[in-house]
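Taking it in order: structure first as structure tokens, then the write-up.
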Amino acid sequence: MNPCSPSSRLHIGVGLVVVLLATACGAPRTASSDQGSEAPTPSLNDSSFATPTAWWPARDWRKEPRAVFESHILTQQSLPSSELSTEARQELGTALRDDPDAEIQMRAALLLAASRTDTADALLLGALEARDEIPSRHADAALVVAAARLGASSLPGIDEALLSLATGASPHPDLEIQTECARAALAHGKREATLPLLAIARLGTPLGIERDGSWHTPELTTWSRTRAAETLAEFAGIPCPYRGDASIAAREQACLALEAALP
């Protein structure tokens, strides 16, 4: 994969966004002290983006330059949670579910997440619970962000909803989304979420076949396996022993160490 391609840049950006959102989650995490130090300084006086009540995203949120959009998101994150207008919720919810452009879906997810209200979170959860098949690689980015936000949501029943998206009879069909839902469920105290996280970390190993069966192809799973292992290490309170590109034997040993360290 070309690391300079638009799809690659989008997926790399997702990782950075998830780190930002996950700092609000309950799983243990150490935030980087210099994270975002080079981000543009947002203006708290940008009346086109946020007002004290019923804020509306910038009218050109779909087309504004990425740096400007990022500044708007950082601005909103620095303000108290704010209810979106009904019109804004409808527009963003439709974009998240139906827009063919993955970046527009991502922007809609970020704007809903920045609201930090139950009504916005319900739209994020609804998009996840649709359990739609993802049409192409990297097109899952917006819903990974949605799951990350819901790890800090106060929406009633969110813990059970996230757990059902991570494991059980009908988990989300996309592995990256399933992984982030498991992380978010664990942040809400659902220890059962360690089981799918362990299975994801074991993918591609004989240990995984023995314990979990051939439930998923191991190709193109480095992000999910690493994310699952890092989540387990954070929950156990230990340095992460797992490297996604390590040998199969080393990954097996790391998975056993993680399992043994779980409280």
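Residue numbers start at 1 and run along the sequence shown. What you see is a predicted model; the values in this text were computed from it and never measured. Note: hydrogens, waters and symmetry copies are ignored here, and every other heavy atom, side chains too, is used.
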Working to the nearest 0.5 Å, report the span between [atom1] of [X] and [atom2] of [Y].
X: Leu197; Y: Thr231; atom1: CG; atom2: OG1; answer: 5.5 Å
X: Leu111; Y: His72; atom1: CG; atom2: NE2; answer: 10.0 Å
X: Leu125; Y: Ile158; atom1: CG; atom2: CD1; answer: 4.5 Å
X: Leu175; Y: Asp140; atom1: CG; atom2: CG; answer: 9.0 Å
X: Leu96; Y: Ile104; atom1: CG; atom2: CD1; answer: 12.0 Å
X: Glu91; Y: Ser85; atom1: CD; atom2: OG; answer: 9.0 Å

For the student: nearest non-hydrogen atoms of [X] and [Y], plus distance:
X: Asp99; Y: Arg62; value: OD2-NH1, 2.9 Å
X: Asp121; Y: Ser154; value: OD2-N, 4.4 Å
X: Ala187; Y: Gly151; value: CB-O, 3.8 Å
X: Ala108; Y: Ala95; value: CB-CB, 3.9 Å
X: Val145; Y: Met106; value: CG2-SD, 3.6 Å
X: Gln77; Y: Ala113; value: OE1-O, 4.3 Å

Is the shortest side-chain heavy-atom distance between [X] and [Y] below 4.5 Å?
X: Leu163; Y: Pro196; result: no
X: Arg107; Y: Arg66; result: yes
X: Leu155; Y: Leu124; result: no
X: Thr117; Y: Ser82; result: no
X: Gln178; Y: His216; result: no
X: Arg251; Y: Tyr242; result: yes
X: Pro57; Y: Leu84; result: yes
X: Leu258; Y: Phe235; result: no

Partner residues of Arg131 under the salt bridge (charged side-chain N to carboxylate O under 4.0 Å, His left out) criterion, sequence neighbours left out: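 Salt bridge (charged side-chain N to carboxylate O under 4.0 Å, His left out) check on Arg131 returns nothing, list empty.
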In the hydrophobic clustering that connects Ile, Leu, Val, Met, Phe, Trp and Tyr at side-chain heavy-atom distances below 4.5 Å, which members other than Leu220 occupy its cluster, ordered by chain and number?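 Leu220 shares its hydrophobic cluster with no other residue.
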Under the rule for side chain to side chain donor-acceptor pair (under 3.5 Å), what residues qualify as partners of [X], not counting sequence neighbours?
X: Ser136; answer: none
X: Glu160; answer: Lys190
X: Ser224; answer: none

Got a list of side-chain donor-acceptor pairs under 3.5 Å for residues 198-207, not counting sequence neighbours?
| from | atom 1 | to | atom 2 | distance (Å) |
| --- | --- | --- | --- | --- |
| Arg202 | NE | Asp212 | OD2 | 3.1 |
| Arg202 | NH2 | Asp212 | OD1 | 2.9 |
| Thr205 | OG1 | Arg202 | O | 2.6 |
| Thr205 | OG1 | Gly208 | N | 2.9 |

Worked verdict on Leu123 versus Leu92 for side chain to side chain contact (heavy atoms under 4.5 Å, CB included): CA-CA 9 Å; Leu123 289 171; Leu92 293 172; 5.8 Å; no
Applying side chain to side chain contact (heavy atoms under 4.5 Å, CB included) to Arg116 and Gln76, what does each step give before you reach the verdict? CA-CA 10 Å; Arg116 288 163 288 147; Gln76 186 57 36; 4.1 Å; yes
Walk me through whether Arg183 and Glu234 qualify under salt bridge (charged side-chain N to carboxylate O under 4.0 Å, His left out). CA-CA 10 Å; Arg183 178 181 172 86; Glu234 290 170 3; 2.9 Å; yes
Looking at Arg97, His172, Gln105, which one forms a side chain to side chain contact (heavy atoms under 4.5 Å, CB included) with Leu143?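 Among the candidates, only His172 passes.
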